[in-house]
Amino acid sequence: MISGIRGTRDILPDEVGRWRRVERAAVEVCARYGYVEVRTPVIEREELFAKGTGASTDIVQKEMYAFTDKGGERITLRPEATPSLVRAFVEHGLEQALPFAKLYSLGPMFRYERPQKGRYRQFHQLDVEVFGIADPAIDGEVIEMASAFVDELGLEGAELVINSVGCHACRPAFGAALLAALGGRVSDLCADCRRRAETNPLRIFDCKAPADQPIIDALPHSEDYLCDACRDHFVGVRRHLDAYGLSYRVSHRLVRGLDYYTRTTFEILGAGLGAQNALLGGGRYDGLVKQLGGPERPGIGFAAGLERLVLALPEGAGGAEPVDAFVVALGDAAWASARVLARDLRRAGLRVLIDYGGRSSKSQMKRANRSGARHMLILGGDELAAGEVTVKEMDSSRQRRVARAAVASALAPGSAP
RNA sequence: GUGAGUGUAGCUCAGUGGUAGAGCGCCGGACUGUGGCUCCGGAUGUCGCGGGUUCAACCCCCGUCACUCACCCCA
């Protein structure tokens with residue numbers, strides 16, 4: 001047997017309803033908030049992510065499925081969607097064509113990571129991006145929409161966390177203040193934190209090692225180092241969230257890993273998901289469009305992990321649509337006629353199953369029962385001769401004979417058996 | 001990349017150094033034109049893979065792969 005690739009998953013019939021539930025909610029919520037859908041390729045130039053996501057990030061350094069194609073180009077499976085959407089926005093001049101550059105996209109991403117609960121090598125994201133709006137009102141609207149999406153799915157116990165990490169002007173000062181506050185205590189931290197102190201000091205706030213916590217708790221907060229413009233912006237964002245009546249927690253420890261984030265960052269954490277508990281995360285990235293060769297345009301957005309949303313969905317969500325009828329043929333003579341009956345009902349828009357080959361009536365009926373069909377349509381010698389069909393309602397076991405032409409209407413909900 | 005746990009029937013799992021099991025599911029019958037309930041019968045396994053120890057390995061040892069969870073990273 002040839003097995004699937006590690007970290008990839010087959011979404012089987014018993015789970016696909018939950019996926020459709022999440023995807024439908026995503027599409028509907030985005031439409032309500034004025035977003036339009038964009039679909040970009042799964043493969044991109046490697047340099048798009050080196051420049052966009054950040055050459056120093058783990059995603060680019062060790063997690064990309066990158067290769068040289070037959071033409072000698074460096075290609076990669078996309079590890080995230082934001083750089084692709086920025087590219088499409090710039091490449092096609094979308095700000096000219098659209099009233100607002102509010103885009104969303106749905107699709108698979110690829111990262112070579114060790115799989116665990118809620119984390120896979122091929123995973124799926126809803127990606128939402130807004131280009132060209134600097135006003136904190138859009139930060140508030142994006143975060144409120146993310147929250148509405150989670151609510152729409154009926155997820156209990158989700159928590160919204162926000163922070164501001166400052167801009168290119170004020171963040172370096174905060175980084176320096178962090179290192180200064182750490183001083184000689186860097187050597188007391190865990191190995192991961194000592195590495196972070198070298199590469200990306202902000203990420204020390206992500207540390208989970210209990211021994212490090214007293215030191216980390218004493219570190220300065222990014223909010224206290226914001227420049228005036230960033231401070232005003234953050235106040236504005238919170239004013240909007242308060243006006244919406246959203247409950248949220250400001251956490252100075254919410255620092256996101258991608259290089260491009262500026263000012264607002266946020267996450268929504270789910271309950272019962274294990275260690276990978278971020279249902280969605282995002283923030284503002286005011287320099288990214290220019291960084292990728294476009295005009296100077298601010299940006300903000302988020303990505304939601306569909307696997308995690310499916311995982312967090314309440315029990316029983318996304319049940320399958322029931323089958324309307326299962327046609328049972330009794331005796332060889334009835335088979336051909338039964339197949340035509342099934343065809344006619346299907347063309348009339350009904351969901352109809354029928355068995356194949358001369359199985360016994362008993363086994364056909366067992367299969368009808370197992371299929372969850374609402375009705376059983378019995379066609380034997382008697383019915384054939386009379387031009388009728390026996391319509392049996394499965395739940396009540398009540399049945400009646402109906403003229404063939406009237407079968408479709410007899411299957412309608414509320415039609416008495 | 002690191003650590004721990006787990007790999008036995010389609011699924012959930014028991015099992016003992018000496019001929020592979022249960023429950024559920026599946027197929028058939030009891031009931032030749034009435035499903036679910038009950039009873040009876042049946043099929044299905046390279047015991048993850050490779051090597052070693054042994055008269056004999058599903059069991060013990062080594063390696064390897066996969067899965068799960070956690071670290072890292074992040075949706």
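Computed from a predicted structure; not experimentally measured. So that the names make sense, note that chain A is the first sequence line, chain B the second, and so on, each numbered from 1.
Side-chain atoms of A:S337 and A:R404 form a donor-acceptor pair, as typed in the model, at a separation below 3.5 Å. In summary, the side chains of A:T390 and A:E383 do present a donor paired with an acceptor at a separation below 3.5 Å, with no hydrogens or angles considered.
In this structure, A:C207 and A:R121 both approach RNA chain B, and ranking their closest nucleotides by distance from the 5' end singles out A:C207. Summary of the strand contacts: A:S3 and A:E113 both lie near RNA chain B, and taking for each the nucleotide with the nearest heavy atom, the more 5' one is attributed to A:S3.
The distance between atom CD1 of A:I5 and atom C1' of B:C67, rounded to the nearest whole Å, is 15 Å. Rounded to whole Å, the distance from CZ on A:R374 to C1' on B:G35 is 17 Å. Note: CZ (A:R398) to C1' (B:G35) measures 17 Å, nearest angstrom. Rounding to whole angstrom units, NZ of residue A:K208 and C1' of B:U2 are separated by 14 Å. In this structure, the CE atom of A:M109 is 17 Å from the C1' atom of B:C73, given to the nearest Å. Atom CG of A:L330 and atom C1' of B:G35 are 13 Å apart (whole Å).
If you check B:U46 for Watson-Crick or wobble pairing at under 3.5 angstrom, you find it has no partner at all. Nucleotide B:C11 forms a pair with B:G23, judged by Watson-Crick or G-U wobble geometry with both contacts under 3.5 Å. Pairing for B:A4 goes to B:U68, judged as Watson-Crick or G-U wobble with the two contacts each under 3.5 Å. The partner of B:U38, taking Watson-Crick or G-U wobble pairs whose two distances both stay under 3.5 Å, is B:A30.
Counting atom types as modelled, A:E63 pairs no side-chain N or O with a base atom of B:G1 as donor and acceptor under 3.5 Å. Residue-to-nucleotide contacts include a donor-acceptor pair under 3.5 Å from the side chain of A:R119 to the base of B:C72. For A:Q116 and B:C72, a side-chain-to-base donor-acceptor distance below 3.5 Å is present, hydrogens and geometry of angles not being considered.
Ring pair A:Y35/A:Y104: centre-to-centre distance not below 6.0 Å. When ring centroids are compared, A:F89 and A:F131 come within the 6.0 Å threshold. Aromatic pair A:H252/A:F205: ring centres closer than 6.0 Å.
Contact annotation: A:R196 side-chain N/O to B:C73 OP1/OP2 distance is under 4.0 Å. Applying the 4.0 Å criterion to OP1 and OP2 of B:C72, one finds that A:K62 has every side-chain N and O outside that range.
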Could you run down the sub-3.5 Å N/O contacts of the protein with nucleotides 36-40 of chain B?
| unit_1 | atom_1 | unit_2 | atom_2 | d |
| --- | --- | --- | --- | --- |
| B:G36 | O4' | A:N369 | ND2 | 3.1 |
| B:G36 | O6 | A:S397 | OG | 2.3 |

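Nucleic acid contact for A:G7: sugar-phosphate only, since backbone atoms but no base atoms lie under 4.0 Å from a heavy atom of the residue. Within the 4.0 angstrom heavy-atom criterion, only backbone atoms of the sugar-phosphate kind lie near A:R370; the bases stay farther away.
Comparing the same atom, P, in B:G52 and in B:C72 gives a spacing of 42 Å after rounding to whole Å. Between the P atoms of B:G41 and B:G10, the separation comes to 23 Å (whole Å). As rounded to the nearest Å, B:C58 and B:C31 have P atoms that lie 45 Å from one another. Here, B:A57 and B:C61 have their P atoms 16 Å apart, quoted to the whole Å. Here the separation of B:G48 from B:C13, taken at their P atoms, is 15 Å to the nearest Å. Comparing the P positions of B:C26 and B:C60 gives an interatomic distance of 35 Å, to the nearest angstrom. Taking atom P in both B:C59 and B:U8, one finds a spacing of 13 Å when rounded to whole Å. Between the C1' atoms of B:U54 and B:G25, the separation comes to 39 Å (whole Å).
Within the model, atoms OG of A:S84 and CD of A:E129 stand 10.0 Å from one another, a figure rounded to the nearest 0.5 Å.
Between A:K102 and A:E141 there is a salt bridge, with a side-chain nitrogen of the basic residue lying less than 4.0 Å from a carboxylate oxygen of the acidic one.
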